[in-house]
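For reference, the structure discussed in these notes is given below.
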Amino acid sequence: MTDNPDGKAQDRKTGLLDQMRHANESSGRNRAARMNRHPQPPVRQVTRFDELPEYQRVMTQKIGAQIAGIGNPFYRSHDRAAGATTVMSGREFANFASYDYLATNTDPLVNQRAKEAIDRFGISASASRLVAGERPVHVELEHALAKVYGVDAAVCFVSGYLTNVAAISCLMGPQDLVIHDEFIHNSALAGIKQSGATRRLFKHNDVENLESVLKSLSSDFRRILVIVEGVYSMDGDIADLSALVELRSRYGFWLMVDEAHALGVLGQTGRGSFEHCGIDPHDVDIWMGTLSKTTSSCGGYIAGSQALADVLKAEAGGFVYSVGLAPVLAAAALTGLEILTKEPERTARLRRNGALFLKLAKEAGLDTGLATGYSVVPVIVGDSVRAVQLSNDLLEEGVNALPIIHPAVPEGMARLRFFITCNHTDEQISHAVTVTAKRLKDLQDRNFGLGSIDFEKVMKLLPMNQMAGKP
């Protein structure tokens with residue numbers, strides 16, 4: 001051994017590398033021994049992506065739409081910031097396709113604070129918050145969220161979808177049970193699947209059905225989580241939170257409420273489901289929400305007890321191993337919460353606009369399903385092809401509203417989903433309802449829909465079938 005410090009450092013490095021190589025070699029020998037005990041399988045052929053059934057479904061929809069002469073309503077590109085109105089290809093539209101419930105997306109104060117955050121912090125947190133990505137604005141945002149909900153703490157994630165996946169998979173495992181409303185968001189389903197927990201559903205907003213599931217299963221599992229939405233994103237109705245809290249007191253499960261479409265919408269001051277229902281926010285174990293709706297930013301959050309926040313910050317992979325929320329997004333969301341708190345009249349205007357849209361839609365004979373007239377009002381069309389064409393027809397009338405089709409909803413339940421904001425005018429709402437009723441009736445009178453498509457021709461034009469016919 002040399003007394004040279006550089007030499008000692010090199011020796012330590014060499015020793016560490018030797019240890020790592022020895023571990024790898026041992027693992028490799030064990031793996032080789034296992035492989036030699038079994039015959040080798042034949043070499044697999046690489047599957048091309050255009051051979052996948054998923055790709056065939058995509059192409060079936062695309063070719064079917066082309067044959068029927070239906071334009072693609074999705075991925076419409078906007079020329080500027082979208083709110084109650086938007087501009088696409090130089091034309092202005094009344095916009096019912098954006099989440100901007102309290103008009104924070106174009107608020108001058110939000111823009112100012114976002115620009116100040118860029119000047120101070122740059123664009124990215126540049127690391128996981130656990131190691132080097134923490135910024136003061138992250139802590140401020142989490143404190144503000146906890147204050148809005150009247151609970152101890154909150155944790156922010158870089159994506160609303162990731163929030164559900166990370167939180168559920170962190171808290172639940174193979175010994176546990178998750179029971180959810182049948183209309184719960186896909187992100188919750190993904191989180192349950194990743195957790196390995198047993199999954200059961202109950203009929204939509206049916207607390208009696210939930211209790212029957214609990215009676216039959218509650219003794220078989222270590223932990224039980226029940227998941228609902230404050231305002232359901234596809235149907236616009238509201239969870240019976242008071243009844244759920246009462247059930248929780250008797251069956252001892254964790255209650256998780258997804259507030260994505262409820263914050264800024266429900267309650268006299270827009271604080272969400274607990275304010276609307278008049279319950280103690282501590283009676284809900286996990287408040288989940290997104291930063292992309294009322295606060296017009298991007299990301300998600302969990303709010304609840306300090307212990308819950310501590311567990312997620314230490315154990316949730318979507319927090320520990322992900323870059324921190326971009327400071328500019330945190331600053332925008334924080335300012336959105338400030339506006340929510342200081343200007344409750346925005347929530348009041350939103351509530352009025354939602355009620356007006358629902359009233360006019362019902363008077364026009366439109367099927368609004370379960371909607372209660374808050375942030376989301378669906379117009380049920382039924383046929384997916386008809387819903388897509390109706391969206392395109394409305395664009396011609398100066399109204400931007402997007403279809404929700406199978407598999408996002410069951411076939412036969414396709415709809416246009418209208419997002420209402422506090423800045424929509426009576427004229428915009430009245431016009432949107434009038435032209436929706438008019439154009440839908442025209443499609444119904446022409447019996448335009450799935451029956452309009454020649455599926456034999458579609459199948460012949462699918463790439464796989466065309467390739468099969470070649471020598």
Polar side chain donor-acceptor pair, Ser187 to Asn164, under 3.5 angstrom: yes
Verify the distance criterion only: is there a donor paired with an acceptor across the side chains of Ser375 and His261 at less than 3.5 Å? no
Listing request: all ring-ring contact (aromatic ring centres under 6.0 Å, His included) pairs with a residue in residues 379-398, at least two apart in sequence or in separate chains. none
Taking the side chain as every heavy atom from C-beta outward, state whether Lys115 and Val328 have any pair of such atoms under 4.5 Å apart. no
Just verifying a value: how many Å separate His180 NE2 and Ile168 CD1, rounded to the nearest 0.5 Å? 9.5 Å
Would you tell me whether Ser98 and Asn95 have side-chain atoms, one donor and one acceptor, within less than 3.5 Å of each other? yes
Keeping the roles fixed (side chain from Arg271, backbone from Val148), state whether a donor-acceptor pair exists under 3.5 Å. yes
Do you see a donor-acceptor pair shorter than 3.5 Å between the side chains of Ser296 and Asp100? yes
Relative to the ring of Phe357, is the ring of Phe418 parallel (under 30°), tilted (30 to 60°) or perpendicular (over 60°)? tilted
Working note: Arg248 + Asp285, criterion salt bridge (charged side-chain N to carboxylate O under 4.0 Å, His left out); need CA distance, chi angles, decisive distance, verdict. CA-CA 10 Å; Arg248 171 184 174 271; Asp285 303 278; 2.8 Å; yes
Validation row: Arg351, Gln268 side chains within 4.5 angstrom (heavy atoms): yes
Sidechain N-carboxylate O distance under 4.0 Å for Asp442, Lys438: no
Can the positive tip of Lys293 be found less than 6.0 Å from the middle of the six-membered ring of Tyr101, inside 45° of the ring normal? no
Any side-chain donor near an acceptor of the partner, Arg135 and Ser126, under 3.5 Å: no
A side-chain contact here means heavy atoms from C-beta on lying under 4.5 Å apart; do Leu102 and Arg349 qualify? no
One pair to check against salt bridge (charged side-chain N to carboxylate O under 4.0 Å, His left out): Arg80 and Glu92. What are the steps and the verdict? CA-CA 10 Å; Arg80 60 164 172 79; Glu92 185 171 86; 3.2 Å; yes
Return yes if some donor-acceptor pair links the side-chain N/O of Asp79 with the main-chain N/O of Ser89 below 3.5 Å, else return no. yes
Heavy-atom check, side chain of Val265 versus side chain of Leu350, under 4.5 Å: yes
If you look only at pairs with a residue in residues 186-213, which of them pass as a ring-ring contact (aromatic ring centres under 6.0 Å, His included), with sequence neighbours excluded? Phe183-His204, His204-Tyr232
Do Asp393 and Gln389 have side chains that approach each other closer than 4.5 Å (heavy atoms only, starting at C-beta)? yes
Derivation and outcome, side-chain contact (heavy atoms from CB on, under 4.5 Å), residues Leu255 and Leu241: CA-CA 10 Å; Leu255 178 58; Leu241 205 52; 4.2 Å; yes
In terms of the angle between their ring planes, are Tyr374 and His276 parallel, tilted or perpendicular, with boundaries placed at 30° and 60°? perpendicular
Qualifying residues under side-chain contact (heavy atoms from CB on, under 4.5 Å), relative to Ala330, sequence neighbours excluded: Val137, His138, Leu141, Leu325
